[in-house]
Protein chains: 2
Amino acid sequence: MSRVQRKRDERVRRIVAVAAEVFGERGYEASTLEEVAERLDVTKGSLYYYFAGKDELATAAIETLGTDWTERLEALATSTGDRPRDERLRALLREHIAIAVHEYPAALRLFLVPDSWPAALRMRIRELRRRHDLVFRREITAGVEAGDFAVVSVDATLQAMHATMSQAPLWCAHLAAEAREQAIDDLADTLVRLVSSPR
Amino acid sequence: MSRVQRKRDERVRRIVAVAAEVFGERGYEASTLEEVAERLDVTKGSLYYYFAGKDELATAAIETLGTDWTERLEALATSTGDRPRDERLRALLREHIAIAVHEYPAALRLFLVPDSWPAALRMRIRELRRRHDLVFRREITAGVEAGDFAVVSVDATLQAMHATMSQAPLWCAHLAAEAREQAIDDLADTLVRLVSSPR
DNA sequence: CCGAACTTTGACCCAAGAGTCAAGAGATGA
DNA sequence: TCATCTCTTGACTCTTGGGTCAAAGTTCGG
């Protein structure tokens with residue numbers, strides 16, 4: 001790959017990262033290309049050299065963010081060693097929430113639907129979410145089949161976990177640093193109880 | 001109150017209801033007064049006779065919706081009779097989710113922060129949420145003190161419940177009618193496990 | 001150092017949507 | 001029926017923000 005090509009890629013990556021930030025903070029409608037450009041110390045027109053328009057930029061932002069995010073979770077799942085199922089699930093939940101809170105503080109807002117994303121984007125978001133859920137779904141069903149876990153319904157359990165995780169960054173944003181770490185632990189511990197057999 | 005006065009109030013109520021619908025469906029930014037007016041079979045200008053502007057209308061919508069919603073939950077809490085604590089909590093959760101899904105399908109979107117509501121509104125939203133949480137907080141702490149419930153952290157538990165409930169309408173929207181009822185039950189059953197002592 | 005390819009700029013266009021208002025249409029009540 | 005008060009209209013302005021583009025600036029290989 002030529003030097004020029006590489007530079008371009010780097011540029012694109014940077015733009016997408018900043019765009020993801022803005023879209024994450026403001027939602028689709030309230031984000032302006034002007035602001036994205038400003039944060040990059042560039043003018044709006046320049047963005048159009050790389051992207052056809054707002055939609056395309058938003059798509060790229062979601063695509064990248066969502067993929068990074070999901071791949072990271074999948075990697076986590078394979079790298080987390082063998083241990084009692086509940087401990088394993090807890091570790092996964094904890095790490096996952098921690099990553100969300102620390103590294104993608106605004107990212108998950110992209111995955112809350114209420115904002116009116118363009119229709120094409122919404123489908124892509126749903127797809128990413130499915131892949132994302134799959135990691136936890138596997139853990140849960142395996143645990144249930146082995147008799148280590150008991151759930152009312154796998155779907156409802158996933159739904160509850162997903163909802164909680166996706167709103168965690170919002171909640172934790174208010175808290176001071178130490179309280180935040182505590183909150184992450186608490187959330188993970190709390191969510192594990194969803195799969196443990198009741199007394 | 002004069003006949004005229006009453007008519008005006010009725011008019012205002014109607015406007016606010018429709019506005020809440022639109023804001024709920026589209027979010028703040030993507031909603032237009034034009035659309036609100038259209039659904040009312042009126043022109044935009046007419047709205048300005050009753051409200052100073054978009055912000056004020058949105059505030060009124062959130063205020064009304066949030067208050068109705070919260071009062072309804074509070075009423076539910078006092079009307080739900082004495083029974084074992086977990087059954088009581090389950091009933092509350094179930095009813096609450098059911099109301100959300102059936103009667104305010106879009107309403108809770110108003111209470112998800114990601115959309116950029118005007119700053120003044122956000123505070124009001126937070127306040128309503130606090131009042132809203134209080135109902136469940138009371139149930140939980142009472143249960144914990146009595147030794148019937150065990151939680152990792154009351155705050156984390158509330159957070160998980162709130163997140164799940166607030167996203168329930170979105171989830172249930174995809175489902176067919178019977179599946180929806182089942183989903184509501186499952187969610188309630190699932191959430192109750194958050195407070196039951198683990199094995 | 002030159003020319004070609006790549007990149008950025010800023011002025012510009014345009015549509016959408018918030019907000020205004022004078023004029024008129026309805027109600028109301030004496 | 002007239003006078004007044006209430007309400008609605010639709011045409012208007014103004015701002016914002018997406019999108020375009022020719023011209024200027026930058027980079028790079030030869």
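A, B, ... follow the sequence lines: proteins, then strands. Residue 1 opens every chain.
Within a 6.0 Å sphere centred on CZ of A/R83, other residues, nucleotides and ligands contribute more than 12 heavy atoms.
Regarding contacts with the backbone of D/dT6, every side-chain N or O of B/R11 stays at 4.0 angstrom or more from both OP1 and OP2. Using a 4.0 Å cut-off, no side-chain N or O of B/Y48 falls inside it from OP1 or OP2 of D/dT9. At the phosphate of D/dT6, neither OP1 nor OP2 sits under 4.0 Å from any side-chain N or O atom of B/R8.
Looking at which nucleotide of DNA chain D each of B/V42 and A/L33 is closest to, the 5′-most match is held by B/V42. Ranked by how close their nearest DNA chain D nucleotide is to the 5' end, A/E34 and A/G45 are led by A/E34.
The distance between atom CG of A/L57 and atom P of D/dG18, rounded to the nearest whole Å, is 10 Å. For A/L47 and D/dG18, the CG to P distance is 10 Å, given to the nearest whole Å. One atom, NZ of B/K7, and another, C1' of D/dT6, lie 10 Å apart when rounded to the nearest Å. Look at OH on B/Y50: it is 19 Å from P on C/dA18, rounded to the nearest Å. At whole-Å resolution of the value, CD in B/Q5 and P in D/dC5 are 16 Å apart.
Relative to the side chain of A/K54, the nucleotides D/dC28, C/dT9, D/dG19 differ in distance, and D/dG19 lies closest. Taking every side-chain heavy atom of B/Y49 into account, D/dT8 is the closest of D/dT8, D/dG19, C/dG19. Looking at the side chain of A/S46, the nearest of the listed nucleotides D/dG17, C/dT9, C/dT7 is C/dT9.
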Given B/R39 and B/E35, is the salt bridge (Lys or Arg N to Asp or Glu O under 4.0 Å) satisfied, shown in steps?
CA-CA 6 Å; B/R39 292 200 196 180; B/E35 181 167 4; 2.8 Å; yes

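Between B/D185 and B/R90, at least one side-chain N (NZ, or NE/NH1/NH2) sits under 4.0 Å from a carboxylate O, which counts as a salt bridge. In this structure, B/D133 pairs ionically with B/R129, as a charged nitrogen and a carboxylate oxygen lie closer than 4.0 Å.
For D/dG19, its base sits under 3.5 Å from the side chain of A/K44 at one donor and acceptor pair at least.
Between A/H96 and A/H132, the ring planes are tilted. Angles from 30° to 60° get that label.
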